[in-house]
Engineer: 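Dumping the structure here so I can ask a few things about it.
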Amino acid sequence: MRYLIVRTEVRPFAPEDVVASFLDEQPLRDETATPEQRRQVAEADSLDAALQLARALASVGAVRSGRQRVKVVRLDAPRWPS
């Protein structure tokens with residue numbers, strides 16, 4: 001299996017966005033409609049390698065301070081559960 005490791009900017013949101021999200025029962029962030037800005041992208045062939053890369057990217061100061069995040073995405077996974 002292939003994995004994508006992505007370091008992205010955390011998109012800030014206002015408190016009224018949180019309230020509207022709860023009232024409308026919609027997710028606060030919809031990555032399929034408006035993905036976060038990518039900072040760094042890597043690819044791995046195994047989960048172990050992907051997690052090791054993710055740990056390395058998580059050591060970046062911006063990730064540790066909460067301004068960025070690291071995501072591991074399985075590339076051959078079905079997009080929507082059936």
Side-chain angles (χ1 to χ4, degrees):
M1 284 182 240
R2 291 182 25 216
Y3 294 88
L4 188 68
I5 303 92
V6 184
R7 183 169 55 101
T8 64
E9 295 287 333
V10 173
R11 186 179 323 116
F13 52 87
E16 53 269 9
D17 294 339
V18 176
V19 173
S21 174
F22 279 110
L23 293 176
D24 298 338
E25 296 183 6
Q26 297 292 326
L28 189 57
R29 292 182 171 100
D30 185 3
E31 290 291 319
T32 59
T34 54
E36 294 176 337
Q37 181 182 4
R38 293 179 181 177
R39 285 296 188 186
Q40 193 170 8
V41 179
E43 194 173 315
D45 290 329
S46 70
L47 181 58
D48 288 336
L51 293 177
Q52 186 173 8
L53 281 168
R55 279 192 293 273
L57 290 175
S59 67
V60 173
V63 176
R64 291 175 44 181
S65 68
R67 294 187 315 266
Q68 296 177 353
R69 76 178 91 219
V70 177
K71 303 172 187 177
V72 176
V73 181
R74 195 170 106 193
L75 292 178
D76 57 352
R79 188 168 190 161
W80 304 107
S82 39

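The basis for the numbers below is simple: all heavy atoms, side chains too, and nothing from hydrogens, waters or symmetry mates. If you're wondering where the values come from, they're calculated on a predicted model, not measured in any experiment.
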Engineer: Which heavy atom of V72 sits nearest to which heavy atom of A54, and what is that distance?
Structural biologist: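 Result for this residue pair: CG2-CB, 3.7 Å.
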
Engineer: What are the two closest non-hydrogen atoms of A50 and Y3, and how far apart are they?
Structural biologist: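 Heavy-atom minimum between the residues: CB-CB, 3.6 Å.
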
Engineer: Contact between E36 and K71 at the side-chain level, heavy atoms closer than 4.5 Å - yes or no?
Structural biologist: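 Side-chain contact under 4.5 Å: yes.
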
Engineer: So how far is it from Q37 CD to E9 CD, rounded to the nearest 0.5 Å?
Structural biologist: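 If I round to the nearest 0.5 Å, the distance is 5.5 Å.
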
Engineer: Would you give the length of the straight line joining atom CD1 of I5 to atom CD of Q52, rounded to the nearest 0.5 angstrom?
Structural biologist: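 Going from CD1 on I5 over to CD on Q52, the span is 10.5 Å.
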
Engineer: Can you tell if the side chain of L47 reaches within under 4.5 Å of the side chain of M1, non-hydrogen atoms only?
Structural biologist: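 Heavy-atom side-chain distance check fails, nothing below 4.5 Å.
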
Engineer: Quick check: is F22 connected to F13 through a chain of hydrophobic side chains (ILVMFWY, heavy atoms under 4.5 Å apart)?
Structural biologist: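 Yes, F13 and F22 fall within the same hydrophobic cluster.
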
Engineer: Can you tell me how far CG of L57 sits from CG of L53, rounded to the nearest 0.5 angstrom?
Structural biologist: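 If we round to the nearest 0.5 Å, L53:CG and L57:CG are 6.5 Å apart.
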
Engineer: For a quick test of reading the model, state the closest non-hydrogen atom pair linking V6 to R38 and the distance between them.
Structural biologist: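 Of all heavy-atom pairs spanning V6 and R38, the closest is CG1-CG, 3.8 Å.
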
Engineer: Considering only heavy atoms from C-beta outward, does the side chain of T8 approach that of R69 to under 4.5 Å?
Structural biologist: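 They are in side-chain contact.
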
Engineer: Any donor-acceptor pair under 3.5 Å linking the side chain of R11 with the backbone of T34?
Structural biologist: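 Yes; at least one donor-acceptor contact below 3.5 Å.
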
Engineer: Out of curiosity, does V70 fall in the hydrophobic cluster containing L51 (side-chain heavy atoms, cut-off under 4.5 Å, transitive links)?
Structural biologist: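 Same cluster: L51 reaches V70 through Ile, Leu, Val, Met, Phe, Trp or Tyr contacts under 4.5 Å.
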
